[in-house]
Asker: 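Handing you a structure now.
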Amino acid sequence: MNKKVVIGSRKSGLAVIQAENVAEYIRKNHPELETVMITLETTGDRRLDITLDKIGGKGLFVKELDRALLEKKIDLSVHSLKDMPMEEPPSLPVVAFSRREDVRDVLILPKGRKDWNEKGVIGCSSFRRRIQGRRLFPEAEFRSIRGNVLTRLEKLDEGGYDALILAAAGLKRLGLEKRIYRYFSTDEILPAAGQGILAVQGRRDEDYSFLEGYGDRETACIAKGERAFVRCLDGGCSSPVAAYGEMNHGRLTLKGLYYIERKDDFVIGSKEGEPAEAERLGTALAEEMRKRYGE
């Protein structure tokens with residue numbers, strides 16, 4: 001085994017913290033290995049002037065790191081699973097999932113604000129959040145916002161928005177839990193597939209045995225089921241598709257959001273099955289909803 005593990009990450013503060021989470025696991029469990037981190041700026045990080053659906057979707061956050069993996073400049077990369085494309089390159093598989101953290105979305109107010117006007121301006125980056133947020137706050141105005149978490153918070157505090165909707169997990173990893181004004185249950189806002197989960201991506205046929213024990217099987221099953229649902233519907237940054245799985249008494253319950261374009265509205269469906277059949281379950285739920293609600 002190579003004595004050095006080079007870890008690739010996006011440059012944002014949150015991305016570096018997430019990559020350090022993996023590095024810390026390796027150092028603790030394999031002290032014989034040296035960990036080195038390399039940060040890269042991705043196209044998605046640079047192009048903040050336009051929404052993701054107009055410039056290529058989730059792949060813009062990973063392609064530079066994918067290239068570095070293929071060129072063997074790094075040994076693995078760490079991503080928020082929800083930011084990864086649903087199609088996994090055969091040559092660059094996900095080799096480990098973290099344990100899932102807080103999966104909920106949250107509402108953030110400007111610093112010093114104790115309450116807010118539900119007719120105000122809410123910044124959120126995804127169609128998924130906007131269409132679900134409209135049901136909760138029908139009189140609010142929803143505006144797109146781009147940038148990493150800290151950039152978005154700066155824009156909020158500068159007065160550009162009255163509130164933001166963000167993922168709880170990212171704020172907690174940054175130590176910003178105190179900024180959270182309100183949590184949304186998964187019944188109020190269904191999360192993005194893979195939300196709260198870190199994914200470690202590597203090269204096919206390489207030895208990643210040093211990551212054994214990182215994460216757990218339950219999270220891996222949930223992640224595969226959620227992503228299969230979205231993948232079947234060809235969802236991503238440009239499609240308001242959401243999926244959320246949870247284990248109950250050894251069974252996997254998967255919920256999925258289906259957007260009905262002709263009505264500009266959505267429905268939530270669910271399906272239960274064995275964890276080992278998570279991908280089949282996600283695909284079956286997507287196909288059933290498309291058949292029932294599709295054009």
Side-chain angles (χ1 to χ4, degrees), residues 1-42 45 58-59 61-103 148 167 169-170 172-175 193-228 231 245 247 252 275-276 278-279:
M1 183 185 292
N2 194 330
K3 292 294 184 180
K4 181 186 288 187
V5 179
V6 183
I7 302 172
S9 167
R10 290 164 60 189
K11 284 189 173 182
S12 77
L14 177 57
V16 170
I17 287 171
Q18 292 174 168
E20 179 59 29
N21 175 283
V22 177
E24 183 180 354
Y25 175 86
I26 296 170
R27 289 194 295 265
K28 181 178 178 181
N29 292 275
H30 294 277
E32 75 280 8
L33 297 178
E34 177 190 0
T35 59
V36 177
M37 191 181 304
I38 292 177
T39 59
L40 298 172
E41 186 176 46
T42 69
D45 295 317
K58 293 177 182 288
F61 289 120
V62 302
K63 68 177 185 178
E64 284 83 358
L65 288 163
D66 283 358
R67 186 181 304 118
L69 267 174
L70 289 169
E71 294 174 355
K72 298 191 176 182
K73 293 178 180 178
I74 60 177
D75 297 307
L76 54 85
S77 56
V78 181
H79 304 278
S80 293
L81 182 59
K82 71 181 181 68
D83 291 334
M84 294 184 71
M86 296 300 147
E87 293 294 341
E88 186 178 302
S91 58
L92 299 174
V94 173
V95 296
F97 298 98
S98 73
R99 294 180 183 272
R100 186 168 68 175
E101 300 172 61
D102 196 329
V103 73
N148 62 46
K172 290 182 175 182
R173 289 173 192 144
L174 285 165
Q195 189 155 307
I197 302 171
L198 301 183
V200 183
Q201 192 171 17
R203 285 186 295 273
R204 184 178 55 197
D205 300 327
E206 295 256 349
D207 179 13
Y208 291 100
S209 58
F210 56 87
L211 289 172
E212 287 181 9
Y214 180 78
D216 61 7
R217 292 181 180 178
E218 182 175 297
T219 296
C221 286
I222 288 170
K224 290 175 181 177
E226 291 175 354
R227 285 169 64 80
R231 185 166 56 247
M247 296 290 190
L252 172 61
E279 290 189 83

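Just so you know, these numbers come straight off a predicted model, no measurement behind them. We use all heavy atoms of the structure for the numbers below, so side chains are in, but hydrogens, waters and symmetry mates are not.
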Asker: Got a donor-acceptor contact below 3.5 angstrom from the S77 side chain to the G8 backbone?
Answerer: no
Asker: Checking R27 now: which residues fulfil side-chain hydrogen bond (donor to acceptor under 3.5 Å, both in side chains) with it, not counting sequence neighbours?
Answerer: E20, T35
Asker: Backbone N or O of K224 within a donor-acceptor pair of the E279 side chain at under 3.5 Å?
Answerer: no
Asker: Can you find a pair of side-chain heavy atoms, one from E64 and one from E41, that are under 4.5 Å apart?
Answerer: no
Asker: Taking C-beta and beyond as the side chain, do Q201 and L69 meet within less than 4.5 Å on heavy atoms?
Answerer: yes
Asker: Quick one: does any side-chain atom of D75 pair with a main-chain N or O of V6 as donor and acceptor, under 3.5 Å?
Answerer: yes
Asker: Decide yes or no for M86 and R227: does some side-chain heavy atom of the first lie under 4.5 Å from some side-chain heavy atom of the second?
Answerer: yes
Asker: Shortest non-hydrogen contact from D102 to K172?
Answerer: OD2-NZ, 2.7 Å
Asker: Tell me if a side-chain donor or acceptor on Y208 pairs with a main-chain N or O of R203 at a distance below 3.5 Å.
Answerer: yes
Asker: Please answer whether the main-chain N or O of V78 pairs with a side-chain N or O of R10 as donor and acceptor at a distance below 3.5 Å.
Answerer: no
Asker: Go through the structure and list residues passing side-chain contact (heavy atoms from CB on, under 4.5 Å) with V16, not counting sequence neighbours.
Answerer: S9, M37, T39
Asker: What heavy-atom pair brings V200 and Y214 nearest, and what distance separates the two atoms?
Answerer: CG2-CE2, 4.0 Å
Asker: Mind checking what makes side-chain hydrogen bond (donor to acceptor under 3.5 Å, both in side chains) contact with S80, not counting sequence neighbours?
Answerer: Q18
Asker: Report the distance from atom CD of E32 to atom CZ of F210, rounding to the nearest 0.5 Å.
Answerer: 10.0 Å
Asker: Taking all non-hydrogen atoms of both residues, which atom of L65 and which atom of I74 are closest, and how far apart?
Answerer: O-CD1, 3.8 Å
Asker: Sub-3.5 Å donor-acceptor pair from the side chain of E88 to the main-chain atoms of V94, do we have one?
Answerer: yes
Asker: Find the distance between NZ (K11) and CG (L40) and round it off to the nearest 0.5 Å.
Answerer: 7.5 Å
Asker: Taking the side chain as every heavy atom from C-beta outward, state whether L252 and I222 have any atom pair closer than 4.5 Å.
Answerer: yes
Asker: Does some side-chain heavy atom of L76 sit less than 4.5 Å from a side-chain heavy atom of L211?
Answerer: yes
Asker: Which atom pair, heavy atoms only, marks the closest approach of G170 to L14?
Answerer: O-CD1, 3.6 Å
Asker: If you look at every heavy atom in C221 and A278, which pair is closest and at what distance?
Answerer: O-CB, 3.2 Å
Asker: Going by heavy atoms in the side chains, are L81 and E226 under 4.5 Å from each other?
Answerer: no
Asker: Has the side chain of Q195 got a donor or acceptor atom that lies under 3.5 Å from a matching backbone atom of K82?
Answerer: no
Asker: Under the criterion side-chain contact (heavy atoms from CB on, under 4.5 Å), I'd like the reasoning laid out for K4 against E34: C-alpha separation, chi angles, the key distance, then a yes or no.
Answerer: CA-CA 5 Å; K4 181 186 288 187; E34 177 190 0; 3.6 Å; yes
Asker: Spell out, as yes or no, whether a donor-acceptor pair under 3.5 Å connects the side chain of R99 to the backbone of D216.
Answerer: no
Asker: To check you understand the geometry: which heavy-atom pair defines the closest contact between T219 and R100, and what is its length?
Answerer: OG1-N, 3.2 Å
Asker: How long is the straight-line distance from CZ of R204 back to CG of L70, given to the nearest 0.5 Å?
Answerer: 10.0 Å
